[in-house]
Every structure is written in C-alpha cells, then in structure tokens.
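Remember, it's 1-based here, ligands and their atoms both numbered in the order they're listed. Numbers for residues simply follow the sequence, beginning at 1. What's counted below: heavy atoms across the whole structure, side chains too, no hydrogens, waters or symmetry copies.
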Amino acid sequence: MAKHIFVTGGVVSSLGKGLTSASIGMLLEHRGLRVRLQKFDPYINVDPGTMSPYQHGEVYVLDDGAETDLDLGHYERFTNAPLSRDCNFTTGKIYLSVIEKERRGDYLGRTVQVIPHVTDEIKKAVSCLAGADVDVVITEIGGTVGDIEGLPFLEAIRQYALDVGKTNCLYIHLTLIPYLKAAGEAKTKPTQHSVGQLRQIGIQPDILICRTERGMTKEMAEKIALFCNVETRAVIEERDKEFSIYEVPVSLVENKLDELIVEKLGLKAQPLNIADWHSMIHRLRNPASEITIAVVGKYIRHNDAYKSIYESLDHAGIAANTRVIIRKIEGEDIESEGTERQLDGVDGVLVPGGFGYRGIPGKIAAIRYARENAIPFFGICLGLQCAVIEFANNVLGLEDANTTEIDKNCRHPVVCLLNEQYSITDKGGTMRLGSYPCQLANGSLSQKMYGAELVHERHRHRYEFNNQFRQEFEKKGMRFSGTSPDGNLVEIVEIPSHPWFLAVQCHPEFKSKPTKAHPLFLGFIEAGKARHEKNRSPNLRNW
Ligand code: GLN
C-alpha cells in the first residue's frame, strides 16, 4: 500500500514548497522508491490556463495536455515520476466535478456540502495516485495555512490519515524563520503560530522544514520542537540557496531528511546514492566558459513567466560546460532603443512563446538581427510564428505579412487559425494542447540535434503556419524540417544557410532536466559557445 506525504506551508507564501516537495521526491527516488507528486491549488480557476503570466507565472503543460501550475515543472525536473492531469487540482476543478455530479443526480437527493462531498472529492484526488506500483504519494497544498480558501484541502488531508491510518501518512510543514536585523536575531514565533493554526484544524505536523536566511542554532531547533510538539531532530533547517535551486536536496540530505522520512513511514528503501546529482552540481559550479543569451519576451519583468525556458538554458549550460548568462529583454525595449543597443555582444537570441500583440515588433526586429548577423536563433511557439513573419516581410518581400492573431485582415496571413479552432469560443483548455508527434526531415539540423526521426513534444497554441506559403518560403531558403507525420502541420523551421537558426511550434522547455539537457537547447548553447569562441579569438580568425 502506498504511503502519503502531505506538504503544507506557513507564515508567508513563496517559501518554495514546490521545490521542497520536488526535492523530497528526488531523494526518495534516489533511495529506490517509486514516487508520485501532485499539487492542490486553492483558487477557483479550473486550471491556470486562463490566467495571465503576471498573476501566475508560466503555465506548465503535460503530455496529456493538462495546463498546470509551474511547480509541476519542478517535480518533472527533479524526478522521473510520471505526471498527468491527476497531479494538479484546483478548488475550481474539485467544485466543477462536485457540481457536475449534483446535476447528474449522483447524490440521490442529499444536501451537497463542503464536508463530506467536497472533502471526499479531494480525498479521491489523493487516492487516485496511490496505485499498486507506487510507494509514496507526495501531495503539496498550495497557499498558506490560515487562508480561508485552503481550509477544505487541509480538512481533507486531516481526514485522510483517519481513513488509511496515521502510520501511512506524514505531515511536513514548511515555515519561515525570519531574521530581524534591528534585533540581530532570528525569530521562531511565526513558526509557532503557524503550527498552532495547523493543530487547531487537527493536523499535528511530524516534520518541520524551516527556511532560514542565516541558519538555525540547536537552541532554536529545541525551542521550536518544544512549542510545536515535534521531535528536535524533525526540525530541519533549509537555508536559502543563492547559487542554485538544485542544491536544495543536497542540503536536506545534510540534515538527514531522507532518513527521517524513511524511518517515520517505515519504508523499505535502499541507501541513498545521489552521485549523479553531485556531479551535475559540480559542473554547474565549475563551468569552463561563459556565454550570453538574450531572451526577448513580453513578461520579462515577471520572474516566473519563462521559468522552464530559463531552467532549460541552464541545463544546456551544465551539459555544455558553460555558464549561461541570460539577458532578459522586453520586446518593447527593442522597439524603443533599437536592436544594436539591446543585443550587442549576445551569443544567441531566444524568442519564447506568448500571446497578443505587445512586444511583437521588437521580437521580429531581434530575429532579423540574429538572422542577418549569423547569431544563433531559437524560436519557440510564438517565436516560430514571429520568425516566419520576419522572413515573409524581409526575405520574401511580402507586404503586410502577419499572424491573424494580431491582424485578422492582413494581406498575407502567413500564420493563421487551425480549421478546428474556428468555431471555438471558450478559452479554457481549448488550444492544441499536449504531446504530438513530429517527423524530422533527413539531413536537417533538427534531426542531427535530436538524433532521431520521430519525436514527441508538448504543444500549447491555436495558430499554425499557413501552408499556402510553403513553397514560396522554401524557394527563398527556409526549410520545413519538422512536420506532423501526415505532413500537414509545420512543426519546425530552419534556415540551412545560417549557422544555427531553428524555430519550433512546440515547447521543448517542458522536457529538459538538469541531468539530461534537451537536445535542441543543447544544440543552441553549443552554437552560441562556438560563436563566442570565434569572436573572442580575432587572431585565430585572421589566420
Ligand atoms: N499565440 C500563439 C498561438 O496561440 C502562440 C502560443 C504560444 O506561444 N504558446 O498560436
């Protein structure tokens, strides 16, 4: 029977519950256990797909097309646990299902209530991951203890231990120990209060993980243990990691978290072996070179909006033994200040996915600059669509070429809506979502990078390259190197005469890991590195 770990958070939001849960998953996997991870988000949107990246950060897409919270990205980067739409539930999704059942008459005339109907639905969401092939299910509860909207989730996980037995459940609470400069002291009171609130609901945490800026003394751990009714050895320090998030699991091991979990849940686990993780961190800390990549986007000022893109660039840097410095540029700043000023000295340009008009002219200008100056270019989703528009405008000389997302009536709609999208009016979950196959052309750059003929990548878009223009583009030197297996949908474009110009309709950033960089990101970073080296050795160039 699978065991359960419930991760809650207190004191403040943004404590890193997602990273901590992912780290716990990673450590248990490295002890030979089969884990599953899931997240509950206490907001009413059915999924984050309809939310602005400013509100929510990146929308992380799974193979099955689920649009999920970005913490699932951490789960996937840290572990090999398979993820599906059962791994992310919001209040909206839970209520939608309860209300659908009520409308169908499934409740047979009973009054439908938060307890037991909503809490039962939440418990069902937990137990559906606890299959026979699973040792541990890790469930992260979003939000902070004390939030009104989180209450049904906390109530449900409290009941869960009653249903399956307390010995099969472990409650881990993540808190903050703030350091007050004026007092010159770290304070434990907020932790005491947040555990107090949990206990009021009926949950006694088994382990406390304490985020600290400056470390925790033995006396502090003892005090927290006493006030919170937790063993002193179960008060674990998690110090801020300024260098890399990938160091979090290592620091948790130093504080024996994996041993504690294995012991408390009575798991049959192997000794821990994280040699692969240590060697990844060693490479990350000791790069042989340094390159600069420009990411030209629209939500650049929001740290989490392009999370997986930034992580994938780092992963490729680890594999290529180079530090990747990311220059984050707003498309609009290129419009006002010019490409030269913003892109001077970069070794590669990446244009990520996005929606809407703002910043598009700047992105297109950046692509033109990369194409004309032989700077490696990587376009992703909207990045491909912009690359196609740029090529139509400046190489094909097609006046007023655009995507119909921006200008419905443009003269040359080189990117337009898919047929099946025309009649759709609902916004939630209606894009082309999830994993689709892509056939790679023989001898293409993409085929070389992937080392395969057929690949599968995740999608999240409505618009497509307009096939009417294919021949015209091909004649002028753009290659359609990846298509859907029936040849109908353009998935990848390249310019073979350019050192490295590649754009994809999919989102490869959702399939990159720190220990296994995505081949396209790696190829892009290697190309950036080659350009950097060539530019750095003018003598060699002259020879
Ligand atoms: N807005 C574009 C479309 O819907 C691109 C989407 C994206 O970049 N994810 O097709």
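The distance from ligand 1 to the heavy atoms of R460 drops below 4.0 Å at these ligand atoms: 6 (C), 7 (C), 9 (N). The ligand atoms of ligand 1 that sit less than 4.0 angstrom from a heavy atom of G353 are 8 (O). Near H507, the atoms of ligand 1 lying under 4.0 angstrom from a non-hydrogen atom of the residue are 9 (N). Taking every non-hydrogen atom of E405 and a distance limit under 4.0 Å, the qualifying atoms of ligand 1 come out as 1 (N), 2 (C), 3 (C). Within the listing of ligand 1, atoms 3 (C), 4 (O), 6 (C), 10 (O) sit less than 4.0 angstrom from a heavy atom of H461. The ligand atoms of ligand 1 that sit less than 4.0 angstrom from a heavy atom of C381 are 5 (C), 6 (C), 7 (C), 8 (O), 9 (N).
Ring pair Y246/F78 is tilted by interplanar angle, where 30° to 60° counts as tilted. Taking the six-membered ring for Trp and thresholds of 30 and 60 degrees, F465 and F480 have ring planes inclined between 30 and 60 degrees apart.
The cationic group of K328 lies under 6.0 Å from the six-membered ring centre of Y310 and within 45° of the ring axis, placing it in a cation-pi geometry.
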Under the salt bridge (charged side-chain N to carboxylate O under 4.0 Å, His left out) rule, what do R211 and D240 come out as? Steps first, then yes or no, please. CA-CA 7 Å; R211 284 290 305 272; D240 293 358; 3.0 Å; yes
Output, in order, the C-alpha distance, side-chain angles, deciding distance and verdict of salt bridge (charged side-chain N to carboxylate O under 4.0 Å, His left out) for K363 and E335. CA-CA 9 Å; K363 292 177 191 176; E335 289 157 36; over 6 Å; no
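Taking distance alone, with nitrogen or oxygen atoms compared against 3.5 Å, I380 stays at or beyond that limit from ligand 1. Note: an N/O pair closer than 3.5 Å links Y463 and ligand 1 by distance alone.
Checked against S512 for a side-chain hydrogen bond (donor to acceptor under 3.5 Å, both in side chains), the options R77, H518, E311, H315 give a single hit: H315. Shown are Q505, H507, E67; of these, the side-chain hydrogen bond (donor to acceptor under 3.5 Å, both in side chains) with R460 is made only by E67.
Taking atom 4 (O) of ligand 1 as the reference point, the nearest protein heavy-atom neighbour is R462 N, 3.0 Å. Looking from atom 8 (O) of ligand 1 to the surrounding protein, the closest heavy atom is G354 N, 2.9 Å.
Residue contact check for ligand 1: Q385 places a non-hydrogen atom closer than 4.0 Å to it.
With values rounded to the nearest 0.5 angstrom, K39 atom NZ is found 11.0 Å from F153 atom CZ.
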